[in-house]
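Report on the structure given below.
No hydrogens, no waters, no symmetry mates; every other heavy atom, side chains included, goes into these values.
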Amino acid sequence: QVQLVESGGGLVQAGGSLRLSCAASGSIFSINVVAWYRQPPGKQRALVASITIGGSTNYADSVKGRFTISSDNAKNTVYLQMNSLKPEDTAVYYCYAGPHYWGKGTLVTVSS
């Protein structure tokens with residue numbers, strides 16, 4: 001089993017920045033990829049960014065150039081640095097660790 005705990009969400013004005021953290025514990029040797037998903041109000045959950053064990057990253061087109069995913073293996077933590085935030089980035093952000101583990105989510109609200 002793997003436990004994931006997200007933190008760093010909150011309220012920020014448009015144009016501002018936040019850094020989300022996803023701390024993993026448990027059987028972390030089983031993890032092959034870590035990703036951030038988000039679910040805006042009334043919409044489906046969608047991929048924001050991912051990072052593999054080898055360090056390869058992938059981003060949704062809507063966040064390219066603004067968001068950066070990174071990992072600190074010594075701390076078993078993955079980060080999502082979010083810059084130039086827009087109101088449409090408002091969502092619950094979830095951490096996912098492959099093959100099938102989810103965190104409980106952290107709310108990000110961007111005011112206009």
Side-chain angles (χ1 to χ4, degrees):
Q1 290 292 323
V2 172
Q3 294 77 43
L4 303 172
V5 178
E6 303 101 330
S7 61
L11 174 63
V12 64
Q13 289 188 331
S17 298
L18 283 175
R19 188 178 78 158
L20 305 183
S21 299
C22 173
S25 61
S27 302
I28 58 174
F29 59 86
S30 66
I31 297 173
N32 50 26
V33 62
V34 178
W36 287 96
Y37 284 75
R38 67 185 181 187
Q39 186 167 14
K43 297 184 179 181
Q44 291 188 335
R45 195 175 299 187
L47 177 69
V48 176
S50 64
I51 184 166
T52 68
I53 295 299
S56 297
T57 58
N58 182 52
Y59 296 92
D61 288 343
S62 59
V63 306
K64 282 181 180 177
R66 300 189 298 125
F67 291 12
T68 303
I69 189 169
S70 62
S71 64
D72 185 335
N73 294 334
K75 296 182 178 180
N76 296 329
T77 300
V78 171
Y79 303 98
L80 185 68
Q81 178 66 44
M82 306 186 295
N83 299 328
S84 303
L85 283 161
K86 305 175 182 179
E88 51 263 43
D89 294 319
T90 294
V92 177
Y93 284 71
Y94 296 91
C95 181
Y96 166 83
H100 54 68
Y101 302 103
W102 290 93
K104 294 184 177 180
T106 185
L107 177 62
V108 172
T109 303
V110 184
S111 63
S112 57

Before giving the answer on side chain to side chain contact (heavy atoms under 4.5 Å, CB included), spell out for Met82 and Val63 the whole-Å C-alpha distance, their side-chain angles and the decisive distance to 0.1 Å. CA-CA 9 Å; Met82 306 186 295; Val63 306; over 6 Å; no
Short side-chain to backbone donor-acceptor contact, [X] and [Y], under 3.5 Å:
X	Y	answer
Ser71	Asn73	no
Glu6	Cys22	no
Thr90	Val110	yes
Gln1	Ser27	no

Ring-plane angle category for Trp102 and Tyr96, please: parallel below 30°, perpendicular beyond 60°, tilted otherwise. tilted
Supply the atom-to-atom distance Trp36 CH2 to Leu20 CG, rounded to the nearest 0.5 angstrom. 4.5 Å
Identify the heavy atoms of Ile31 and Ala24 that sit nearest to each other, and give their distance. CD1-CB, 4.3 Å
Treating Ile, Leu, Val, Met, Phe, Trp and Tyr as nodes and any side-chain heavy-atom pair under 4.5 angstrom as an edge, say whether [X] and [Y] lie in one connected cluster.
X	Y	result
Tyr37	Val2	no
Tyr79	Leu18	no
Tyr101	Val33	no

Hey, does Asp89 have a side-chain heavy atom less than 4.5 Å from the side chain of Arg66? yes
Val34 vs Cys95 side-chain heavy atoms within contact, under 4.5 Å: yes
Carboxylate-amine/guanidinium proximity below 4.0 Å for Lys64 and Asp61: yes
Audit row: Gln39, Tyr94, side chain to side chain contact (heavy atoms under 4.5 Å, CB included) steps and yes/no: CA-CA 8 Å; Gln39 186 167 14; Tyr94 296 91; 4.0 Å; yes
